[in-house]
Amino acid sequence: MDHRLKIGIIDLVSKKPNSKLFARIMNANFASIMPQIIGVWCEEEGHSVKYICYTGREDIIKELPQNADLIFICAFTEAAQTAYALSNLLRSGGAVTVLGGPHARCYPEDAVNYFDYVTGFTDKSIIQEILQDCSPHNPLGLYLTANTQPLSLPGVKERWKFIEPNLKKAPLIKLVPMLGSLGCPYTCSFCIDSTVKYQPLNFDVMKEDLSFLLTKFKRPLVGWHDPNFGVRFDDYLDAIEEVVPENSIDFIAESSLSLLSERNVKRLKRNGFGAMLPGIESWYDLGNKSKTGSMTGMDKVKHIAEHVNMILRYIPYVQTNFVLGLDCDAGEEPFELTKKFVDLTPGAFPGYSLLSAFGRAAPLNLEYQRLNRVIPFPFHFISNNHAMNVKPLNYHWTEFYSNIISLGEHTFSWSSIIKRLIATKAFIPRWMNVVRATSEEGFGRVAYNKQILEQLYTNVKFRDYFEQETTKLPHFYKNIIRNELGPLWDWLPDGAIYHDHNAYLKTSLEPKTSLERIAV
Ligand code: B12
Ligand code: SF4
């Protein structure tokens, strides 16, 4: 008997059809690494693989692998409802389905209702278990997780057959995703990696991959997916310098400000680092990762502005990340300080996230659940931007939304956009900033937040939902999900727009490494 399985792998980079300019330029560049790795592992086990990266431009239903035995889906929480509908559709055709990725790590107790398998930390042995078992598990799927992150992972060379078609979909910028480390030594309480040990991956694989890329492109562009790039800075850069001739690959990385001293930034520049995304998060907390210690308020703004402007002298594209609504913030001041920072660093692009409790991502979420501060917004909106699912400690909702709108209007005013344009020297970063500011992320989000504020003022039921007086989902949200899911809406299982927002607190979910049902 032929044991070769037909396997489909779907990476949901987008949760909905999207042909906006930024999505067209960038979505294919946001492909995840793990779905490609799973493709490599499945082929190593002798199975055939069809890999799809859904960027929002494809017709997802038409592209679904036909007659597949087993389908892996990778989803962020914002794509959970899309993934649940797809799983239902695929299971109705006889396929066995597996969910992995950020949503599976954060909300396994919900996802087992809609998939045959749900995986947390995933190494090759977990995949081998699934391939051997490959059978439907109803009504509850099996939750499998390794005890730690994998110790080694296949590199770019082995993933190339999955990377190449994605890059063909990317018209302007072609970003190759790489990973040099997992976990993080810092412990930012809201972060999924606050409890995951830092672990570098094998530098030899990385060096081989960089050499390989130099045979594929005249000047490759690499995006590091490391949660915090450059923790072992010198080891990392030594390895890059060993195989990459000076300034012949462009790199993009997320790194904490504490690692970005002038000495390190100069070395990054020499090595072609063209974009860095440091996290500032707050003016009143998390000073350790920006090396500002106990400094707060305006002192911290000035200090970090100087630091970021120093980085901008060497690196053309800097995105500074903030979390809005943290418990340490109160009143208008944090927002006014961020506006001041935007003025002081005209060349940096600020990325704003709303404080979000992604299920069991961080132990801090247990605290929010214990204090009944988590609001059951459907997953579709838990994206860091479309809903803040933690009730703010020090703000009324209308006050909070007025402040984020005012910050958005300041950041994405034409005057700030033009100042950013002038302060950004390189061609692509310069125009990328304009596209981001005038599309969904800038103008779009300000308009969306205005709709929320308007609803908060005028719609009692809407406000009651935010105030936890009711759990009945306002039509506003249901309509968005229905519109954005399109034909997949009909495949969304009953009840799948709701989830238990306190599941982490309630369940005694013990992850299994062998195939056992979980007790929920
Ligand atoms: C790199 C990164 C990005 C990159 C690349 C994204 C990508 N497609 O991979 C960029 C900058 C594009 C990005 C964007 C976003 N991100 Co991001 N990102 C990360 C980051 C820093 C690292 C993730 C990573 O690759 N780790 C390395 C891999 C190997 O480890 P891992 O993710 O833990 O995966 C393990 C398992 O989950 C499993 N696994 C992973 N994928 C799959 C797939 C399958 C099929 C299977 C079976 C298993 C499996 O195996 C791995 C090994 O154990 C994390 C934060 C963090 N510290 O983890 C946030 C994080 C994943 N991002 C997050 C968010 C919210 C976003 C955005 C929605 C933000 C926004 N509003 O724009 C977008 C969504 C983009 C998209 N749809 O693709 C959240 C996700 C929370 C959630 N539950 O949804 C995280 C956790 C950060 C946070 N806020 O806490 N991100
Ligand atoms: S430095 Fe970044 S990756 Fe590390 S714990 Fe803090 S937020 Fe997470």
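Since this is a predicted model, take the numbers as computed values, not measurements. Residue numbers run from 1 in the order of the sequence given. Heavy-atom basis, side chains included; hydrogens, waters and symmetry copies ignored.
- With sequence neighbours excluded, the residues forming a side-chain hydrogen bond (donor to acceptor under 3.5 Å, both in side chains) with H386 are S383, listed by chain and number.
- Remark: K169 engages E58 in a side-chain hydrogen bond (donor to acceptor under 3.5 Å, both in side chains) (not counting sequence neighbours).
- Taking the side-chain contact (heavy atoms from CB on, under 4.5 Å) definition, one finds that D69 meets it with L5, K6, sequence neighbours left out.
- Under the rule for a side-chain hydrogen bond (donor to acceptor under 3.5 Å, both in side chains), D490 has no partner lying at least two apart in sequence or in another chain.
- Taking the side-chain contact (heavy atoms from CB on, under 4.5 Å) definition, one finds that I192 meets it with R105, C106, A361, sequence neighbours left out.
- Listed by chain and residue number, S181, Y236 satisfy the side-chain hydrogen bond (donor to acceptor under 3.5 Å, both in side chains) test with D226 (two or more places apart in sequence, or in another chain).
- In terms of heavy-atom proximity, S356 sits nearest to N389 at CA-OD1, 3.4 Å.
- When the side-chain contact (heavy atoms from CB on, under 4.5 Å) test is applied to P429, the partners found at least two apart in sequence or on another chain are P316, Y317, T424, A426.
- Scored by the side-chain contact (heavy atoms from CB on, under 4.5 Å) test, C42 finds I7, I38, V49, F72, I127, L131 as partners (sequence neighbours excluded).
- Residues forming a ring pair (Phe, Tyr, Trp, His ring centres under 6.0 Å) with Y477 (at least two apart in sequence, or on another chain): F377, F381, F462.
- Residue pairs that meet the ring-ring contact (aromatic ring centres under 6.0 Å, His included) test with at least one member in residues 77-105, sequence neighbours left out, are Y84-H103, Y84-Y114, H103-Y107, H103-F379.
- For R430, there are no salt bridge (Lys or Arg N to Asp or Glu O under 4.0 Å) partners at least two apart in sequence or on another chain.
- Remark: K174 pairs with no residue by the salt bridge (Lys or Arg N to Asp or Glu O under 4.0 Å) rule, at least two apart or across chains.
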